[in-house]
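This report concerns only the one structure given below.
Here is the naming used below: chain letters follow the sequence lines, and residue numbers restart at 1 for every chain.
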There are 4 protein chains.
Amino acid sequence: MKMLITGGTVVNPSGAIASEVLVEDEAIVALGAPGSSAAEAWAESSDRTIDASGLLVIPGGIDVHTHMEMPLGQTQSSDTFETGTRAAAIGGTTTIIDFATQSKGHSLQTGFQAWLAKADGNCAIDYGFHMIVSDVNEESMKEMDVLVEEGVTSFKLFMAYPGVLYSDDAKILRSMQQAANNGSIIMVHAENGIAIDLLVAQALSRGERDPRFHGETRPSLLEGEATHRAIQLARVADAPLYIVHLSAAEALEEVVRARDMGQRVFAETCPQYLFLSKAELERPVFEGAKYVCSPPLRDYRSQADLWKGLRTDDLSIVATDHCPFCFKEQKELGRGDFSKIPNGLPGVENRMDLIYEGVSRGELSLERWVDVTSTTPARMFGLFPKKGVIAPGSDADIVLYDPRSTHIVSAKSHHMNVDYSVYEGMELHGAVSMVLSRGRVVVDGGKYVGHKGHGSFLRRGLSRYL
Amino acid sequence: MKMLITGGTVVNPSGAIASEVLVEDEAIVALGAPGSSAAEAWAESSDRTIDASGLLVIPGGIDVHTHMEMPLGQTQSSDTFETGTRAAAIGGTTTIIDFATQSKGHSLQTGFQAWLAKADGNCAIDYGFHMIVSDVNEESMKEMDVLVEEGVTSFKLFMAYPGVLYSDDAKILRSMQQAANNGSIIMVHAENGIAIDLLVAQALSRGERDPRFHGETRPSLLEGEATHRAIQLARVADAPLYIVHLSAAEALEEVVRARDMGQRVFAETCPQYLFLSKAELERPVFEGAKYVCSPPLRDYRSQADLWKGLRTDDLSIVATDHCPFCFKEQKELGRGDFSKIPNGLPGVENRMDLIYEGVSRGELSLERWVDVTSTTPARMFGLFPKKGVIAPGSDADIVLYDPRSTHIVSAKSHHMNVDYSVYEGMELHGAVSMVLSRGRVVVDGGKYVGHKGHGSFLRRGLSRYL
Amino acid sequence: MKMLITGGTVVNPSGAIASEVLVEDEAIVALGAPGSSAAEAWAESSDRTIDASGLLVIPGGIDVHTHMEMPLGQTQSSDTFETGTRAAAIGGTTTIIDFATQSKGHSLQTGFQAWLAKADGNCAIDYGFHMIVSDVNEESMKEMDVLVEEGVTSFKLFMAYPGVLYSDDAKILRSMQQAANNGSIIMVHAENGIAIDLLVAQALSRGERDPRFHGETRPSLLEGEATHRAIQLARVADAPLYIVHLSAAEALEEVVRARDMGQRVFAETCPQYLFLSKAELERPVFEGAKYVCSPPLRDYRSQADLWKGLRTDDLSIVATDHCPFCFKEQKELGRGDFSKIPNGLPGVENRMDLIYEGVSRGELSLERWVDVTSTTPARMFGLFPKKGVIAPGSDADIVLYDPRSTHIVSAKSHHMNVDYSVYEGMELHGAVSMVLSRGRVVVDGGKYVGHKGHGSFLRRGLSRYL
Amino acid sequence: MKMLITGGTVVNPSGAIASEVLVEDEAIVALGAPGSSAAEAWAESSDRTIDASGLLVIPGGIDVHTHMEMPLGQTQSSDTFETGTRAAAIGGTTTIIDFATQSKGHSLQTGFQAWLAKADGNCAIDYGFHMIVSDVNEESMKEMDVLVEEGVTSFKLFMAYPGVLYSDDAKILRSMQQAANNGSIIMVHAENGIAIDLLVAQALSRGERDPRFHGETRPSLLEGEATHRAIQLARVADAPLYIVHLSAAEALEEVVRARDMGQRVFAETCPQYLFLSKAELERPVFEGAKYVCSPPLRDYRSQADLWKGLRTDDLSIVATDHCPFCFKEQKELGRGDFSKIPNGLPGVENRMDLIYEGVSRGELSLERWVDVTSTTPARMFGLFPKKGVIAPGSDADIVLYDPRSTHIVSAKSHHMNVDYSVYEGMELHGAVSMVLSRGRVVVDGGKYVGHKGHGSFLRRGLSRYL
């Protein structure tokens with residue numbers, strides 16, 4: 001099976017080039033100069049020719065931060081691997097890395113197998129897993145080495161959520177030492193949960209129960225603090241560090257300082273922190289609950305700084321932290337007590353479009369769009385060059401993107417299994433036209449034409465960022 | 001004429017990938033996955049197949065800072081366009097951008113045409129020109145716009161050398177305003193020449209006449225100062241800025257500050273600042289004269305910081321500032337008066353190897369080597385994607401690089417027209433094996449097999465760094 | 001003649017203490033604890049007892065930056081030494097340091113003698129001189145050493161005003177070297193005058209002629225730039241540095257950086273930069289001209305940063321740069337061409353009250369008020385402990401200040417010889433009640449009761465800040 | 001009882017002035033200009049005249065960080081309040097502030113009373129207490145308010161020593177909130193004890209048991225980290241912060257950043273960090289144990305930075321953290337296990353001389369010496385102007401200091417109850433000649449002539465640093 005994508009502009013991080021792309025079975029096998037005899041030969045021998053005139057041909061998006069069907073107390077995030085990966089595909093994302101979770105008192109392997117089972121046979125696109133380490137002890141440290149061999153090469157620790165997922169500084173340092181040894185990378189949720197829990201308890205005791213207090217009790221200073229702390233612990237361990245969902249200018253400042261010194265510190269931000277602000281949390285009645293996530297939405301200064309950070313490469317990746325809960329029955333669990341609102345927003349379907357909107361507004365270059373949404377994620381998490389680039393030998397995970405199209409975001413038309421959109425009514429420039437996953441057309445004309453179970457588990461290698 | 005480069009590892013900034021490269025006439029026309037039917041078809045239809053097994057296939061080096069046959073007082077730099085570009089080719093560089101110079105009182109165009117004439121018919125590889133602006137006035141400003149149309153899209157101003165090439169801050173600001181308008185970029189030699197000239201006169205009056213006083217009278221603080229000043233003037237003009245031959249930690253610190261704020265400031269450093277130190281200037285008798293260049297060689301702290309800056313992308317480009325003068329009769333003009341030693345070092349032939357040595361030592365990744373020596377130079381100076389990348393449609397400027405070879409640098413074996421080497425006796429890992437310039441093999445097995453006049457003038461576009 | 005000041009609170013920078021102050025002739029001779037037998041003995045033996053109950057007893061203000069009867073083109077600043085020092089006294093200032101100016105082509109000594117003559121016999125309070133060096137050459141450098149012996153221990157150089165007072169970087173560096181040697185201190189007006197003159201010419205050529213363009217053509221970036229430059233030149237010379245009238249946040253940032261590194265860099269700001277903003281320059285018709293000074297008034301961020309800098313000791317001194325020109329006939333010279341508006345504002349009478357207003361608003365402590373307006377000026381410019389402190393042996397330059405009084409600033413009631421006030425209508429908390437100059441009451445109940453010629457020339461020693 | 005100190009130079013932070021000092025009973029009652037009739041009258045009426053010709057007359061030293069007879073496991077620090085305060089007096093210190101400690105499970109008041117009882121009737125000089133809070137809970141928070149009323153206005157929390165004195169971030173934040181409310185100040189021991197304990201356990205498990213591993217397991221990065229964290233928590237609480245015994249350049253850098261922003265952050269360092277380095281910990285056999293304290297001794301870069309910080313006022317105070325343990329039987333408890341070596345060094349007797357040595361070496365001015373050892377401690381901890389200044393009305397805590405004397409430090413001649421000196425053999429310039437405590441001569445000619453029980457408890461007010 002040969003397929004020729006013709007007439008498009010291939011965008012990789014190092015530049016945009018008019019190029020024909022030849023796909024054979026699951027892989028890209030050749031790129032050719034338009035009009036060259038080599039490329040013209042392909043047209044004849046291909047089984048299918050796709051006209052990409054006027055379109056951008058980009059490596060499929062890689063969303064390295066999703067939480068599909070994630071258990072949370074008595075509920076779970078509202079997208080299953082089936083619905084979530086389908087929505088991702090429609091939005092131009094062809095790979096997700098989700099988080100398998102160790103339950104306290106159980107092994108890492110048990111958690112990993114449970115998540116493998118959830119995803120198996122259900123995904124529209126390829127997927128991998130990071131592992132959340134809840135118990136740092138000598139057994140779990142040894143298991144980290146085993147998991148690296150099995151293709152789980154990144155481990156997440158929480159400085160937030162005491163009593164639940166929280167690890168203290170000794171545990172974080174210990175896991176960093178292990179990662180420094182086995183070549184994996186530690187990801188941290190950097191908020192000072194111990195201090196935050198005090199502020200939350202104090203707010204509740206003062207009768208402050210509305211969603212906006214979620215934001216007020218998680219001040220950006222405490223994200224900056226935890227970010228600095230994680231960075232210093234990584235220096236002590238001589239380990240690389242990956243900060244998830246960086247939201248605050250104060251946290252970015254710490255990342256900038258570390259990177260200026262040459263430390264291997266990397267950070268991801270999310271579309272919600274680039275486009276939304278804490279003002280949303282103050283929406284009347286209980287509407288603010290829709291915008292409750294952690295870290296919370298920040299102020300406009302942080303938005304501006306985050307765009308700058310993406311441009312200057314102080315922020316490396318845009319992921320979504322997709323973790324949807326329906327407003328009805330789920331977000332509503334926190335009526336009268338903001339601390340009971342499930343934390344998380346939907347977004348896996350919107351990421352590629354939202355960051356392309358940054359291109360339209362002049363915040364980022366076209367190449368940087370591809371870099372932060374696909375290539376760097378692939379390199380960071382051991383998927384390159386199989387994923388993350390339009391190049392011979394790479395998986396044919398390809399998105400044809402129409403830069404002249406526009407569309408309006410709405411829960412009415414989106415495909416995520418959640419009853420609202422945080423971007424409701426927003427008009428975006430650019431839209432996904434076609435999506436290939438390992439050579440299969442899974443989205444065509446914006447419609448999903450794939451099937452569940454096509455996506456397969458990705459054994460990842462080590463990060464290329466050393 | 002079709003040529004297939006087979007079995008090699010293609011290195012572009014976004015990654016290293018095993019790939020077949022098909023060249024047709026002057027251009028790369030296709031890249032193919034090894035073993036794919038598409039690529040296998042090429043083997044049959046090619047006129048020549050080059051075995052690149054075990055070799056790196058990289059875009060030819062681009063040296064954006066050379067001074068061939070540059071007049072200096074009664075003498076001139078010792079490499080002509082013929083000898084200099086030949087040495088460049090042997091060293092893996094397939095494009096140079098040299099500096100055409102406006103003579104005071106004459107038009108930019110006159111200078112430009114003079115340099116075009118010098119190069120025409122003499123070059124082994126392609127070449128472009130930056131324009132040195134010696135007279136900033138309303139006419140020369142208008143001429144800048146014309147030159148941009150003619151493919152000269154970068155203009156150099158000097159904060160050093162009062163009475164010769166020096167421009168005061170009003171002139172620098174004025175030229176930046178013009179560049180902000182016409183899309184070109186201003187390059188500055190950032191040393192406070194006014195203050196330096198005082199220190200030089202004072203040193204001479206104290207009888208300090210040896211080469212080492214060249215370094216002592218050009219303190220790194222005065223490079224840091226001028227760098228800061230250039231950056232602020234660029235902010236006032238809202239123009240991008242390119243700092244040439246950054247040598248001092250203090251100057252880098254200013255670039256880092258500006259880039260952290262998102263300002264479009266870019267800097268180049270040179271191999272001599274990465275590998276050599278001011279200790280060389282103290283060599284006995286008059287040997288130190290061989291190492292006299294401006295800015296002068298610095299201390300070890302600066303070396304370490306420059307490597308870090310290259311790694312973290314605070315330094316964008318490595319160029320050579322190749323400006324050779326023979327020790328005999330040229331450097332010797334400064335015996336008894338360091339201020340009369342012609343400023344400049346040879347290096348155009350050594351750059352690719354020296355920076356690869358940084359890869360061998362773990363200072364840089366393979367991808368970053370290509371980035372700082374070829375891709376970013378191409379993007380910065382309007383040559384991309386014609387140059388600077390191995391991609392379909394690009395010029396077939398290709399270097400096959402053998403990472404396992406080693407060689408020893410020596411004036412006895414080098415091809416630059418100069419009687420010494422500043423790297424004499426240094427053992428380097430890696431070596432150029434073959435070089436193609438627009439599809440022609442110009443170096444084979446380390447031997448020059450090209451011919452003068454093959455190289456042609458490059459009309460450059462605008463910088464892609466906005 | 002003995003005088004006892006009883007019942008007051010003596011404020012020195014290290015604290016506020018209830019203390020009796022005994023004055024004999026021109027000096028403070030003793031401080032005593034209220035109620036002690038020693039102090040009680042004084043009451044009997046004194047010729048006069050002044051009741052300071054409820055009042056602050058502070059060392060008389062020292063304004064180290066005034067320009068009395070300063071020639072400017074065809075006009076001169078509107079306060080003579082007589083009127084200006086009288087107004088100063090009324091405002092609680094008992095010492096000024098004015099600027100003697102070297103005329104180009106003439107000796108420093110000639111300028112110094114001219115200014116001595118202007119002041120001689122005219123001043124209400126003591127005075128000293130800084131020397132403005134207009135010609136840096138080997139003769140003037142030697143003269144600096146002589147002037148230091150004569151009590152002129154600080155020298156001012158201009159980075160602004162090309163063609164008039166401007167010195168290039170070599171001249172500034174040269175003078176700093178001289179100061180490093182003779183123990184004096186270089187003061188700089190830090191604005192990049194070369195670049196500013198281009199912006200001014202461009203604005204005028206575009207027809208931008210109103211007062212507000214005065215501010216727009218002197219951007220704060222160019223003050224930050226010059227400040228950084230002066231600091232680096234001082235590092236090269238290993239000399240201390242004093243920045244006059246610092247106005248911009250960008251300039252303060254450079255001072256902070258230098259001081260954090262332990263460099264001996266000191267800066268003064270002025271009340272106009274703490275209380276007024278560039279919005280004043282946009283007043284309709286030609287009213288903005290009243291607010292034209294250089295550096296120009298800045299934005300609110302700078303105001304906030306300057307208050308912070310005063311509090312944290314990154315700014316050392318508040319002086320006025322008092323240089324009044326009447327609106328009528330003087331400021332009006334610039335109607336239709338902002339560049340012809342005489343630069344300068346009145347303020348010598350208002351300084352102590354305005355900075356005390358900072359105390360009232362919680363910006364500064366009481367001690368810091370005394371420190372920045374009197375003690376540090378005395379130490380910085382070689383007058384301590386003769387001036388700047390309430391201590392035995394010091395000159396009896398004493399202000400009794402009433403913290404509970406309020407008053408409204410107005411040109412109708414002020415004593416400076418100028419037809420407007422930039423603080424017109426502002427209500428201030430605190431007021432001068434009585435002023436002693438060398439033991440003589442010169443202001444009583446807010447009324448001037450001194451006489452011209454009382455003030456004498458101060459031969460200053462070297463700065464105590466090393 | 002009247003005493004006249006005549007002929008000396010009185011040094012206060014704002015300057016050194018020749019002045020006669022009249023003491024009556026316990027207080028300074030007057031300062032007079034030498035030769036004035038007022039001062040001459042005192043000579044006649046005084047009961048005793050002390051000739052201070054050639055001597056410096058300074059406010060007695062205030063050591064705000066001592067641990068007398070502090071329980072530690074089965075032992076206690078080797079100086080009692082009797083021996084420790086006597087040694088302090090001999091060294092020119094006339095006030096100590098020691099640390100009363102809350103035992104876990106008991107009230108603050110119980111701890112405070114216990115320490116009052118230990119000191120009562122035993123001290124040679126006046127003393128106050130900070131309170132160590134071991135249990136942060138609602139009761140202890142209320143007790144803080146009570147203690148403030150009783151003259152204990154500063155509270156210490158530990159980020160080090162988990163399981164012993166350690167408080168987590170919520171507890172530290174909670175106590176800061178309380179302090180923000182009641183006007184007291186929180187002091188923190190800023191080392192990340194949680195992470196350190198991991199490193200200690202790992203070192204021991206690797207068989208690293210010598211004293212030098214004490215230093216290696218407490219890296220300066222973890223002091224910098226904790227310092228940053230404490231600062232951010234104080235920002236969240238909007239409370240002032242006092243960092244005790246700052247030792248590392250990394251920690252100082254965080255203090256500098258905070259102070260540059262105007263935050264009320266203050267830090268103390270200790271003589272051992274200014275004069276000694278981690279090289280001491282590597283002394284052969286077990287000698288290194290003598291130098292075990294926490295934070296540990298650091299490298300030379302930190303020493304240089306700390307002196308700079310003192311000069312630039314980024315460090316506010318020098319205290320000793322005097323906590324002596326004899327080498328025999330006490331330090332020896334840690335033979336074979338560095339973690340069992342009692343932490344602490346002697347020094348209360350040496351502080352004034354050591355910092356004066358900084359004056360001799362040109363690191364500090366004379367005024368700054370008095371400021372960091374006496375005046376700022378008094379202002380910071382609510383003792384000013386009773387203590388910390390030579391002024392009418394202040395306690396007659398006075399040291400006559402001979403700047404021309406020299407002496408050699410030795411355990412053989414010191415008066416602290418400990419069998420070694422960390423400064424053994426060091427020659428110091430300057431020496432205490434006479435010491436007055438509340439008007440009583442307690443040291444004369446270097447000999448102790450006071451009596452135990454003279455010192456009384458100081459009810460302190462609130463800090464003057466707001």
Side-chain angles (χ1 to χ4, degrees), chain A residues 2 10 12-22 24-25 27-39 41-42 45 59 253 256-257 259-264 304-305 307-309 311-314 362 365 367 370-371 375-376 378-379 384-385 388-389 391-394 464-466, chain B residues 2 10 12-22 24-25 27-39 41-42 45 59 253 256-257 259-264 304-305 307-309 311-314 362 365 367 370-371 375-376 378-379 384-385 388-389 391-394 464-466:
Chain A
K2 284 191 187 173
V10 170
N12 280 316
S14 55
I17 295 173
S19 187
E20 311 291 281
V21 180
L22 183 64
E24 194 168 335
D25 299 328
I28 297 165
V29 292
L31 272 67
S36 66
S37 58
W42 303 339
S45 66
E253 187 184 338
V256 169
R257 277 174 87 196
R259 289 175 66 86
D260 283 350
M261 291 194 305
Q263 198 180 339
R264 292 167 302 163
D305 278 11
W307 280 115
K308 185 184 69 184
R311 198 167 62 243
T312 62
D313 197 31
D314 287 312
S365 68
E367 291 89 345
V370 169
D371 201 3
T375 310
T376 295
R379 296 184 71 168
F384 188 89
V389 64
S394 296
R464 301 286 285 267
Y465 282 93
L466 301 175
Chain B
K2 285 190 188 176
V10 170
N12 279 317
S14 56
I17 295 173
S19 187
E20 311 291 283
V21 180
L22 183 64
E24 195 170 333
D25 299 331
I28 298 166
V29 291
L31 272 67
S36 66
S37 58
W42 301 340
S45 65
E253 188 184 337
V256 169
R257 277 175 87 197
R259 290 175 65 85
D260 282 351
M261 291 196 304
Q263 198 179 340
R264 292 167 300 162
D305 278 10
W307 280 114
K308 184 184 71 185
R311 198 167 63 244
T312 61
D313 196 30
D314 288 311
S365 69
E367 290 88 346
V370 169
D371 201 4
T375 310
T376 295
R379 297 183 70 168
F384 188 90
V389 64
S394 295
R464 300 286 284 266
Y465 282 92
L466 303 175

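- Between B:Gly393 and A:Ala33, the closest heavy-atom pair is N-CB, 3.6 Å.
- Both the backbone and the side chain of A:Ser37 come within contact range of chain B, with heavy atoms under 4.5 Å apart.
- For chain B, the nearby parts of A:Leu31 are the backbone and the side chain; heavy atoms of each come within less than 4.5 Å.
- Of the two parts of A:Ser365, neither the backbone nor the side chain holds a non-hydrogen atom closer than 4.5 Å to a non-hydrogen atom of chain B.
- Proximity to chain A is limited to the side chain of B:Glu367, based on heavy atoms less than 4.5 angstrom apart.
- Both the backbone and the side chain of B:Ser14 come within less than 4.5 Å of a heavy atom of chain A.
- Annotation: maximal heavy-atom pairing with chain B below 4.5 Å, among A:Glu253, A:Arg259, A:Arg379, A:Glu24, occurs at A:Arg379.
- Both the backbone and the side chain of A:Asp260 come within contact range of chain B, with heavy atoms under 4.5 Å apart.
- Contacts of B:Pro385 with chain A are made by side-chain atoms alone, with heavy-atom separations under 4.5 Å and no backbone atom involved.
- When every heavy atom of B:Ala38 is checked against every heavy atom of A:Trp42, the shortest pair comes out as CB-NE1, 4.2 Å.
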